[in-house]
2 protein chains.
Amino acid sequence: MGRRREFDVEQALEAALCVFWRKGYEGASYNDLTRATGVERPALYSAFGNKEALFLRALERYEEQQLGFLPEALAQSTSRDVAEHVLRGVAELNTRHPEHSGCFIVNGALAGSDESEPVRQALITARAKGEAQLRERFERAQQEGDLPATTNCAALAAFLMAVTHGMAVQAKSGFSREALDAVADQALATWPTNA
Amino acid sequence: MGRRREFDVEQALEAALCVFWRKGYEGASYNDLTRATGVERPALYSAFGNKEALFLRALERYEEQQLGFLPEALAQSTSRDVAEHVLRGVAELNTRHPEHSGCFIVNGALAGSDESEPVRQALITARAKGEAQLRERFERAQQEGDLPATTNCAALAAFLMAVTHGMAVQAKSGFSREALDAVADQALATWPTNA
DNA sequence: CAAATTAAATAACGATCGTTACGGTAACGA
DNA sequence: TCGTTACCGTAACGATCGTTATTTAATTTG
């Protein structure tokens, strides 16, 4: 019963995601969000709750819609193919949209005022989740003999994440897809093998 | 002539640097800055100009006082030693101060509102400067036979910078010195050589 | 059709943002 | 000692921040 919602919630969330992607959590104002979504502030509040909740919804959407290459990567048969898939996916994702380059999770809230601490922690958790998935995949590869027994799988996962985060910083600084691919190539050149 | 300044400008700048280091450009308010420096707002304006000018002064100070390991690294005799020195220096710097972890230049303004665009560009320039110095050093190493002729020196420099930026993100996320050193080790694992 | 319920839109809330007038104070030159 | 100069601190500026009360419009239910 009652009046029907006149805007598409998913569509508004997508627009909000783009704003946060470009300006980060604190850098995005409700003026920006209403302009991008075409939805007035009270409607955003009624649909999503406050700014923090809207951002966390955008984070969920980002993970679901944009990070699909990660499960794909984890499904590769060798650890090197996993790493390559991750690095290519990151290079592509970080440069796919000229108007919001880099990574939503890195741009979102690296530093900021104390008020953004919950958001910062959520992004730290999101990064840790990806790193844990990689570490577990590398540990499996080690058990399968795909990686040397001497390999520090946790360090290898942290290294791969570091490269992707660095690529995200560079993408936000204006690096081209090709430049990021060159970074990926170099990272893969250091990959351990049993050969 | 006239009344003497009652605070130490360099000391206030150091305190402001710490605030920006921790909260970034936009995340740091004048309330934060006056609290940390012990200097009232009008005195900060008279000594440094506006917030943007103060931040740029802090950037200069950071480069001079905190990035001393970079010229040291460039002076190493092999490209691998250069890279190792850079990575160790970054791991140490990013975890030296618990109250403001990570890198000032990465934390400063990765994403943000449009008003922070000049600061963002200044930080991009600062990063590009470091990358150019590394590239030139690697090109010299290549001419000296320290690096293979097939090495893409620009890509190698970009890769090394990517790792340092990624380590900065991780440090800001709470990574320990040891965890960052492990990332550095992995990055150095198969540095290109002529051996 | 009338009552009830939900959303949209305007407009305003208090708080904080970066910035600056202004009046009082300390140190200089004459 | 007096006038000038520069700094200090209080307090306020207009603008914008995230958030919400309120009114109006649209839709459903009885």
Side-chain angles (χ1 to χ4, degrees), chain A residues 1-13 15-20 22-59 108-109 111-122, chain B residues 1-13 15-17 19-20 22-59 108-109 111-120 122:
Chain A
M1 62 183 80
R3 183 172 173 178
R4 296 196 195 116
R5 182 166 280 139
E6 291 182 1
F7 64 94
D8 184 322
V9 172
E10 290 302 311
Q11 192 173 321
L13 182 56
L17 165 59
C18 292
V19 173
F20 284 130
R22 185 164 114 81
K23 300 193 166 188
Y25 175 63
E26 288 194 321
S29 71
Y30 266 96
N31 276 336
D32 296 326
L33 293 168
T34 58
R35 196 177 308 123
T37 59
V39 175
E40 296 298 328
R41 274 169 280 200
L44 289 177
Y45 275 89
S46 97
F48 301 105
N50 65 9
K51 192 184 181 187
E52 181 178 328
L54 173 56
F55 182 88
L56 295 179
R57 282 285 302 273
L59 170 57
S113 77
D114 294 336
E115 290 171 23
S116 67
E117 187 62 20
V119 166
R120 268 194 59 234
Q121 290 301 325
Chain B
M1 63 182 79
R3 185 173 172 175
R4 294 196 193 117
R5 181 166 279 138
E6 292 180 2
F7 64 93
D8 184 321
V9 173
E10 289 303 311
Q11 192 174 320
L13 183 56
L17 166 59
V19 173
F20 284 129
R22 184 163 114 81
K23 301 194 166 189
Y25 174 63
E26 289 194 319
S29 72
Y30 267 96
N31 276 336
D32 297 325
L33 294 168
T34 58
R35 196 178 308 122
T37 59
V39 175
E40 297 297 330
R41 273 170 281 203
L44 288 177
Y45 275 89
S46 99
F48 301 106
N50 65 9
K51 192 185 182 187
E52 180 178 328
L54 173 55
F55 182 88
L56 295 179
R57 282 286 300 274
L59 171 58
S113 77
D114 293 337
E115 292 171 20
S116 67
E117 187 60 22
V119 165
R120 268 194 59 234

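Just so we're on the same page: letters track the sequence lines, and every chain starts at 1.
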Check whether any side-chain nitrogen or oxygen of [X] sits under 4.0 Å from OP1 or OP2 of [N], and answer yes or no.
| X | N | answer |
| --- | --- | --- |
| A:N50 | D:dG18 | no |
| B:R5 | D:dC7 | yes |
| A:R41 | D:dT20 | no |
| A:N31 | D:dT16 | no |
| A:S29 | D:dC17 | yes |
| A:Y45 | D:dG18 | no |

When the distance from [atom1] of [X] to [atom2] of [N] is rounded to whole Å, what number comes out?
| X | N | atom1 | atom2 | result |
| --- | --- | --- | --- | --- |
| A:L44 | C:dA7 | CG | C1' | 13 Å |
| A:E6 | D:dT27 | CD | P | 7 Å |
| B:E26 | C:dC17 | CD | C1' | 11 Å |
| B:L33 | C:dC17 | CG | C1' | 12 Å |
| B:E115 | C:dT19 | CD | C1' | 12 Å |
| A:Y25 | D:dC17 | OH | C1' | 12 Å |
| A:F48 | D:dG18 | CZ | C1' | 16 Å |
| A:D32 | D:dT16 | CG | C1' | 11 Å |

- Task: Take B:F7 and B:G2, find for each the nucleotide of DNA chain D with the closest heavy atom, and name the residue whose nucleotide sits nearer the 5' end.
- Result: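 Final value for this comparison: B:G2.
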
- Message: Is it true that, when you exclude B:E115 itself, more than 12 heavy atoms of the residues, nucleotides or ligands shown sit nearer than 6.0 Å to its CD?
- Response: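 No, the 6.0 Å shell around CD holds no more than 12 heavy atoms from other groups.
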
So do the side chains of [X] and [Y] get within less than 4.5 Å of each other, counting heavy atoms only?
| X | Y | result |
| --- | --- | --- |
| B:L59 | B:F20 | no |
| B:R5 | B:S46 | yes |
| A:L13 | A:T37 | no |

- Query: What is the pairing partner of C:dA30, taking Watson-Crick or G-U wobble pairs with both distances under 3.5 Å in any strand?
  - Reply: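 The answer is D:dT1, by the H-bond criterion.
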
- Message: Between B:Y25 (side chain only) and B:R120 (backbone N and O only), is there a donor and an acceptor less than 3.5 Å apart?
- Response: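 No, the answer is negative, given that no donor and acceptor are paired below the 3.5 Å cut-off.
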
- Task: Return the nearest nucleotide to the side chain of B:P42; candidates are C:dA9, D:dT19, C:dA21.
- Result: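 Among C:dA9, D:dT19, C:dA21, the one nearest the side chain of B:P42 is C:dA21.
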
- Message: Please classify the nucleic acid contact of B:A28 as base, sugar-phosphate, or nothing, using heavy-atom distances under 4.0 Å.
- Response: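 Contact class for B:A28: sugar-phosphate only.
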
- Message: Would the base of C:dA27 count as contacting B:R3 through its side chain, where contact means a donor and an acceptor less than 3.5 Å apart?
- Response: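 When only heavy-atom distances are counted, B:R3 does not reach the base of C:dA27 through any donor-acceptor pair under 3.5 Å.
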
